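Here is the structure we will look at, set down as structure tokens.
Keep in mind it's a predicted model, so treat the numbers as computed, not measured. Both backbone and side-chain heavy atoms feed into the values below; hydrogens, waters and symmetry mates do not. Just so it is clear: chains get the letters A, B, ... in the order the sequence lines come, proteins before strands, and each one is counted from 1.
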Amino acid sequence: MFNKRIKIKALLAEENTGFEATVMGWVRTFRNNQFIALNDGSTNNNLQVVASLGEFEDSTLKRLTTGACIKVTGQVIASLGKGQKVELKAATIEILGDSDAEKFPLQPKKHSLEFLREIAHMRFRTNTFGAIFRIRHSLAFAIHQFFNDKGFVYLHTPIITASDAEGAGEMFRVTTLPVDGSAPKNEDGSVNFKDDFFGRSTNLTVSGQLEGELAAMAFSDVYTFGPTFRAENSNTTRHLAEFWMIEPEVAFNDLEDNMNLAEAFIRYVIKYAMEQNKEDLEFLAQRLEEEEKQKPQQDRSEMGLLDKLNFVVNNDFERLTYTEAIEILKESNHNKKKKFQYLIEGWGVDLQSEHERYLVEKHFKKPVILTNYPKDIKSFYMRLNEDGKTVAAMDILAPGIGEIVGGSQREERLDKLTARMAEMHIPAEELNWYLDTRRFGSCPHAGFGLGFERLVQFVTGMGNIRDVIPFPRYPKSAEF
RNA sequence: UCCUCCUUAGCUCAGUUGGUUAGAGCAUCUGACUGUUAAUCAGAGGGUCUCCCGUUCAAGUCGGGAAGGGGGAGCCA
């Protein structure tokens, strides 16, 4: 490191004792006027710092409150107590930052996730969120490593975009025009964006896919990993207005290649987190297990978090077509006994959450890849199949989360693509730059989008997506 | 946006058929103790019962509305 302190994770891993060390961190608890549980975020495990009786001023000890930041120098010794191998016998304690115990919101006790969400700026200092965000980091790192190892180019697609034709969702407008009604108007009363910063109407991106496709037509293999914005009024445990998305786009891949890539990718990053964040995952698994005990028997999940992750890493995902899925659902006892709120009667309707859950959690009990959906319920850029009524789409459904990946082989044939756009009333002139890929050296290609937070949810087992991003953005909420 | 549940101390929650001064555990503070592991023991302080309107002799409790939050649905990643 770049200073003279040793990180607590490194100190706890030391084989030897009997050397001097300096640590810095935040007090979790101060027990018995003698034992400081110190945490610096490098690990969930605290270092026990011992302030021997009579060796420190009362005025110093009084300031060792939960949340205070301190610097301690002393001898690393084998612990005299149970519960930890080593401890630091303090020679000097310096208070770097006081923390008023009467006002500091985090107490040495269990807090509800709802309460911690209200103090998101402080929740990093809890074991649960420490574990979650270290795992989030590992997953982000593993994503780059996976693609880098395979020769992909990391492409930075724009965050401000003029394209509003994709229809992936409602967009946030980007403008420097006044909002008090004095913005320049067209003759018909609409705002004239000619005088706006970009000279046209612009928004925050809802997807980097179309730009990704442009680059894939040159580098063959690219991926994006960046923030994405949706101004949907979604109030659920798996939607955010600002979230991070990973979008690989690969030239010469067909739908099957696309599935293989997605599956290998998911396995790789989960495996990486399991290796790098063993203790954090064990902590979260433990936490989840206790939470499960509070639930009635029928609502409990059959597998613990670690079993679930191991299972995903070691088993193939179930692959089936939309048509096969409809058959399974239609013939299911669940459907026959009318337990679905929306009964499956025929081909062509979109699957509801309850149907996806049934397939993933009840029927197959593993992640499922659904393919070849009816063209009418999917996007314009998905490749039309031979049958003329389905497209080469794929959705990966994960237990407890639902859709984690949405992807497709893209329509590379210009005539088919423009025909589809006309059908769906998508103005071709606005996407001329996109259509150029089909005009000049078009090629079969495929890609997918993976919601990063949903991946983090799956790996950490957290039920609410607002707990796996540091500062969540959702309707009526943009605090911190 | 729709459905549903919730809102009482810093936190997590009790609070009976509407009835004197609204309780507990933890946290905090004070003291004791001192090899503790969310230390323990004793004591103390801490409340506009989310807000507004209504019913009633009387509302934390009943009714209506608002705000905030949880869960589910839709949109999707």
Side-chain angles (χ1 to χ4, degrees), chain A residues 28-37 45-54 61-62 65-67 77 79-84 87 89 99-119 126-127 166-170 206-209 225 227-247 262 294-295 299 340-342 350-357 377-379 395-398 401-407 448-458 463-469 474-477 479:
Chain A
R28 285 288 176 84
T29 64
F30 182 38
R31 286 185 295 270
N32 226 341
N33 220 20
Q34 205 179 161
F35 303 102
I36 305 163
N45 298 317
N46 300 324
L47 173 69
Q48 171 149 295
V49 174
V50 184
S52 298
L53 289 170
L61 298 178
K62 282 260 184 269
T65 53
T66 301
I77 59 169
S79 180
L80 303 179
K82 289 170 189 164
Q84 58 280 317
E87 60 192 22
K89 189 171 170 5
S99 174
D100 185 339
E102 287 196 68
K103 292 182 182 142
F104 187 59
L106 297 172
Q107 302 155 2
K109 58 167 283 190
K110 198 175 164 89
H111 289 293
S112 68
L113 295 172
E114 290 82 6
F115 171 66
L116 293 171
R117 217 171 284 149
E118 289 170 16
I119 51 163
T126 64
N127 285 333
E166 198 205 329
E170 292 296 310
V206 291
S207 164
Q209 180 198 316
F225 182 11
T228 311
F229 308 86
R230 304 270 166 95
E232 303 282 355
N233 191 10
S234 299
N235 295 284
T236 79
T237 52
R238 49 189 192 284
H239 288 86
L240 291 165
E242 177 182 296
F243 64 100
W244 288 63
M245 190 151 65
I246 298 106
E247 295 178 287
Q294 312 294 319
K295 293 184 189 168
D299 294 344
F340 286 129
Q341 201 187 334
Y342 295 90
D350 209 351
L351 298 180
Q352 303 287 323
S353 288
E354 57 176 343
H355 305 134
E356 296 180 350
R357 291 188 87 107
I377 57 173
K378 287 291 177 184
S379 303
D395 282 359
I396 300 185
L397 311 175
I401 313 277
E403 187 174 342
I404 194 167
V405 164
F448 61 85
L450 180 141
F452 184 51
E453 282 74 18
R454 289 189 183 172
L455 175 69
V456 182
Q457 261 189 294
F458 184 75
N464 194 318
I465 200 165
R466 296 167 186 177
D467 293 330
V468 299
I469 188 167
Y474 51 95
K476 301 277 182 293
S477 183
E479 190 122 24

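- Taking every side-chain heavy atom of A/Thr236 into account, B/A73 is the closest of B/A73, B/A27, B/U36.
- In this structure the side chain of A/Leu116 reaches within 4.5 angstrom of the side chain of A/Leu106, judged on heavy atoms.
- With distances taken from any side-chain atom of A/Lys109 to the nucleotides B/A39, B/C76, B/G10, the minimum falls on B/G10.
- In the set B/G68, B/U37, B/G74, B/G68 carries the atom at the smallest distance from any side-chain atom of A/Lys476.
- Nucleotides B/G54 and B/U61 have their C1' atoms positioned 16 Å apart, rounded to a whole Å.
- The CD1 atom of A/Ile396 sits 13.0 Å away from the CZ atom of A/Arg454 when rounded to the nearest 0.5 Å.
- Heavy atoms of A/Pro108 sit under 4.0 angstrom from at least one base atom.
- You'll find the side chain of A/Asn46 stays beyond 4.5 Å of the side chain of A/Gln84, heavy atoms only.
- One interatomic measurement links the two molecules: CG of A/Asn233 to C1' of B/G72, which rounds to 15 Å at whole-angstrom precision.
- Of the candidate nucleotides B/C11, B/A73, B/A77, B/A73 has the atom lying nearest to any side-chain atom of A/Ser353.
- The aromatic ring of A/Phe35 is not stacked on the base of B/G35, since the criterion of ring centres less than 5.5 Å apart with planes inclined by under 30° is not met.
- Residues A/Leu113 and A/Asn464 fail the side-chain proximity criterion, which asks for heavy atoms closer than 4.5 Å.
- Distances shown here put every side-chain N or O of A/Thr228 at or beyond 4.0 Å from the OP1 or OP2 atom of B/A77.
- Rounded to the nearest 0.5 Å, atoms CZ (A/Arg357) and NE2 (A/His355) are 13.0 Å apart.
- Within the 4.0 angstrom heavy-atom criterion, base atoms lie near A/Leu80.
- Between A/Leu450 and A/Gly463, the residue anchored closer to the 5' end of RNA chain B is A/Gly463, taking for each the nucleotide with the nearest heavy atom.
- Atom pair A/Lys103:NZ and B/G10:C1' shows a separation of 13 Å (rounding to whole Å applied).
- One finds no side-chain N or O of A/Ser79 lying less than 4.0 angstrom from the OP1 or OP2 phosphate oxygen of B/G35.
- The CD atom of A/Glu118 sits 8 Å away from the P atom of B/C11 (whole-angstrom rounding).
- B/C13 and B/G72: their C1' atoms are spaced 24 Å apart (whole Å).
- Taking the side chain as every heavy atom from C-beta outward, A/Gln457 and A/Arg238 approach each other to under 4.5 Å.
- For A/His111, taking side-chain heavy atoms from C-beta onward, the closest of the listed nucleotides B/U1, B/C11, B/G35 is B/C11.
- Taking the side chain of A/Asn235 as heavy atoms from C-beta on, and the options B/C11, B/G35, B/A73, the nearest nucleotide is B/A73.
- Note on A/Arg466: only backbone sugar-phosphate atoms sit closer than 4.0 angstrom, heavy atoms only; bases stay farther off.
- Closest to the side chain of A/Leu240, from the set B/G74, B/A77, B/C11, is B/A77.
- B/G69 and B/C51 have their C1' atoms separated by 15 Å, with the value rounded to a whole Å.
- Using a 4.0 Å cut-off, no side-chain N or O of A/Ser234 falls inside it from OP1 or OP2 of B/C76.
- Straight-line distance between the C1' atoms of B/G65 and B/C29: roughly 42 Å, to the nearest whole Å.
- In this structure, CD in A/Glu403 is found 10.5 Å from CG in A/Leu351, a value given to the nearest 0.5 Å.
- The A/Glu114 side chain lies nearest to B/G69 when the options are B/G69, B/G35, B/G74.
- For a distance-only test at 3.5 Å, the side chain of A/Gln84 qualifies as a donor-acceptor partner of the base of B/U36.
- Atom CZ in A/Phe115 sits roughly 15 Å away from atom C1' in B/U7 (whole-Å rounding).
- In this model, a donor atom of one side chain and an acceptor atom of the other lie less than 3.5 Å apart for A/Arg31 and A/Thr29.
- Rounded to whole Å, the separation between the P atoms of B/U8 and B/U1 comes to 24 Å.
- Of the candidates B/G35, B/U28, B/C26, B/U28 carries the atom nearest the A/Glu102 side chain, counting heavy atoms from C-beta on.
- Residue A/Arg31 places none of its side-chain N or O atoms closer than 4.0 Å to OP1 or OP2 of B/U40.
- Within 4.0 Å of A/Arg28, counting heavy atoms only, lies no atom of the nucleic acid at all.
- One can place CZ of A/Phe225 at 16 Å from P of B/A77, the figure rounded to the nearest angstrom.
- Comparing the C1' positions of B/A73 and B/G10 gives a spacing of 35 Å, expressed to the nearest Å.
- Proximity of A/Glu87 to A/Leu80: side-chain heavy atoms (C-beta onward) are separated by under 4.5 Å at one or more points.
- As rounded to the nearest Å, B/U7 and B/A77 have C1' atoms that lie 32 Å from one another.
- A gap of 12 Å separates the P atoms of B/G43 and B/C26, to the nearest Å.
- Here the nucleotide nearest the side chain of A/Asn464, chosen from B/G71, B/A73, B/C11, is B/G71.
- Of the inter-residue distances, the one linking A/Phe452 atom CZ with A/Phe243 atom CZ reads 13.0 Å to the nearest 0.5 angstrom.
- Note on A/Glu87: a base of the nucleic acid sits closer than 4.0 angstrom, heavy atoms only.
- Rounded to an integer number of Å, the gap from NZ of A/Lys82 to P of B/A39 is 18 Å.
- The side-chain heavy atoms of A/Thr126 and A/His111, taken from C-beta on, include no pair separated by under 4.5 Å.
- A close approach under 4.0 Å does not occur between any side-chain nitrogen or oxygen of A/Gln48 and OP1 or OP2 of B/U37.
- Regarding A/Phe30, its CZ atom lies at a distance of 15 Å from the P atom of B/A27, rounded to whole Å.
- For the pair A/Lys89 NZ and B/U36 P, the computed distance is 16 Å after rounding to whole Å.
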* Using a 3.5 Å limit on both pairing distances, list the dot-bracket string of RNA chain B from the 5' end; Watson-Crick and G-U wobble pairs count, crossing pairs take [ ], interstrand pairs take |. => (((((((..((((.....[...)))).(((((.......))))).....(((((..]....))))))))))))....

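- At B/G72, one or more side-chain N or O atoms of A/Thr237 fall inside 4.0 Å of OP1 or OP2 (strictly under the cut-off).
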